Amino acid sequence: SQTIHQWPATLVQPVGSPLSLECTVEGTSNPNLYWYRQAAGRGLQLLFYSVGIGQISSEVPQNLSASRPQDRQFILSSKKLLLSDSGFYLCAWSTQGSQPQHFGDGTRLSIL
Amino acid sequence: GQQLNQSPQSMFIQEGEDVSMNCTSSSIFNTWLWYKQEPGEGPVLLIALYKAGELTSNGRLTAQFGITRKDSFLNISASIPSDVGIYFCAGQPPGNNNDMRFGAGTRLTVKP
């Protein structure tokens with residue numbers, strides 16, 4: 001069966017520091033991969049998605065970037081974090097765009 | 001872009017009661033999905049709906065894809081304490097299969 005892993009589970013970073021969140025999927029090939037941000041008490045906002053290695057689509061202009069160096073690895077990065085980058089970041093996968101997305105357990109990012 | 005209006009925002013019910021929540025939009029969607037999220041975890045898919053008018057059950061949960069393609073509801077029958085969590089509707093609009101919009105969630109509390 002397919003599994004999705006995100007790490008770290010929690011992260012506290014100072015303003016201006018870099019960021020790297022990692023997501024990997026097992027048990028499937030060539031998945032579509034997604035990064036979402038969830039603000040407290042809110043729904044999810046799609047940040048990036050990828051349909052293949054090296055292919056990244058950005059949904060919202062921001063301080064973050066994404067990369068997909070391997071088929072089942074998706075990375076969310078920032079060079080300099082802002083206070084507004086705090087939130088709960090979720091990675092998800094699907095077999096293709098029209099199919100339901102399945103989520104990891106998220107990373108709670110706090111910026112001080 | 002297409003926005004999803006989810007209601008109610010929160011519900012406090014007694015164990016054994018039935019629950020109903022819904023999502024509406026001013027635009028049509030090709031797919032409607034319902035997820036449940038528990039604290040510190042990612043959303044878990046409950047039901048996926050692909051056709052207007054479709055009615056699908058998953059145990060005590062029943063969801064329907066509205067005929068107009070602009071709404072969906074989720075019913076939970078005979079609620080139990082483990083139903084506690086935040087329920088999100090999500091919809092995939094026409095034009096981009098990788099775009100998924102989320103409602104703001106319904107927070108369900110079940111009193112034993």
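Values in this document were obtained by computation on a predicted structure and should not be read as measured data.
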A.B. asks: Indicate if V84(B) and L61(B) have the same hydrophobic cluster label, given that clusters are the connected sets of ILVMFWY residues with side-chain heavy-atom separations under 4.5 angstrom.
C.D. replies: yes
A.B. asks: Roughly how far, to the nearest 0.5 Å, is the CD atom of Q45(A) from the CE atom of M100(B)?
C.D. replies: 13.5 Å
A.B. asks: Can you establish whether the number of heavy atoms outside Q9(B) located under 6.0 Å from its atom CD is more than 12?
C.D. replies: no
A.B. asks: My understanding is that a hydrophobic cluster links ILVMFWY residues whose side chain heavy atoms are under 4.5 Å apart, including indirect links. Using that, what else belongs to the cluster containing W7(A)?
C.D. replies: none
A.B. asks: What pairs of residues pass the disulfide (SG to SG under 2.5 Å) test when at least one of them lies in residues 13-112 of chain B, not counting sequence neighbours?
C.D. replies: C23(B)-C89(B)
A.B. asks: Which residues in residues 77-108 of chain A have any heavy atom closer than 4.5 Å to a heavy atom of chain B?
C.D. replies: F88(A), L90(A), G97(A), S98(A), Q99(A), P100(A), Q101(A), H102(A), F103(A), G104(A), D105(A)
A.B. asks: Tell me, side chain or backbone of E41(B) under 4.5 Å from chain A's heavy atoms, or both, or neither?
C.D. replies: both
A.B. asks: Could you tell me which portion of Q6(B) (side chain, backbone, both or neither) has an atom closer than 4.5 angstrom to a non-hydrogen atom of chain A?
C.D. replies: neither
A.B. asks: State plainly whether one hydrophobic cluster holds both I4(A) and L21(A), where clusters connect Ile, Leu, Val, Met, Phe, Trp and Tyr through side-chain heavy atoms under 4.5 angstrom apart.
C.D. replies: yes
A.B. asks: How would you list, in number order, the residues of residues 46-59 of chain A that have a heavy atom less than 4.5 Å from chain B?
C.D. replies: L46(A), Y49(A), V51(A), E59(A)
A.B. asks: Honestly curious: do I13(B) and M21(B) fall in one hydrophobic cluster under the side-chain, below-4.5 Å linking rule?
C.D. replies: yes
A.B. asks: By a 4.5 Å heavy-atom criterion (distance strictly below it), what part of N30(B) contacts chain A: side chain, backbone, both, or neither?
C.D. replies: neither
A.B. asks: Using the rule that Ile, Leu, Val, Met, Phe, Trp and Tyr join whenever any side-chain heavy atoms are under 4.5 Å apart, tell me whether W35(A) and L11(A) fall into a single cluster.
C.D. replies: yes
A.B. asks: Are L4(B) and F65(B) joined in one hydrophobic group, where the rule is that I, L, V, M, F, W and Y side chains link up if heavy atoms are under 4.5 Å apart?
C.D. replies: yes
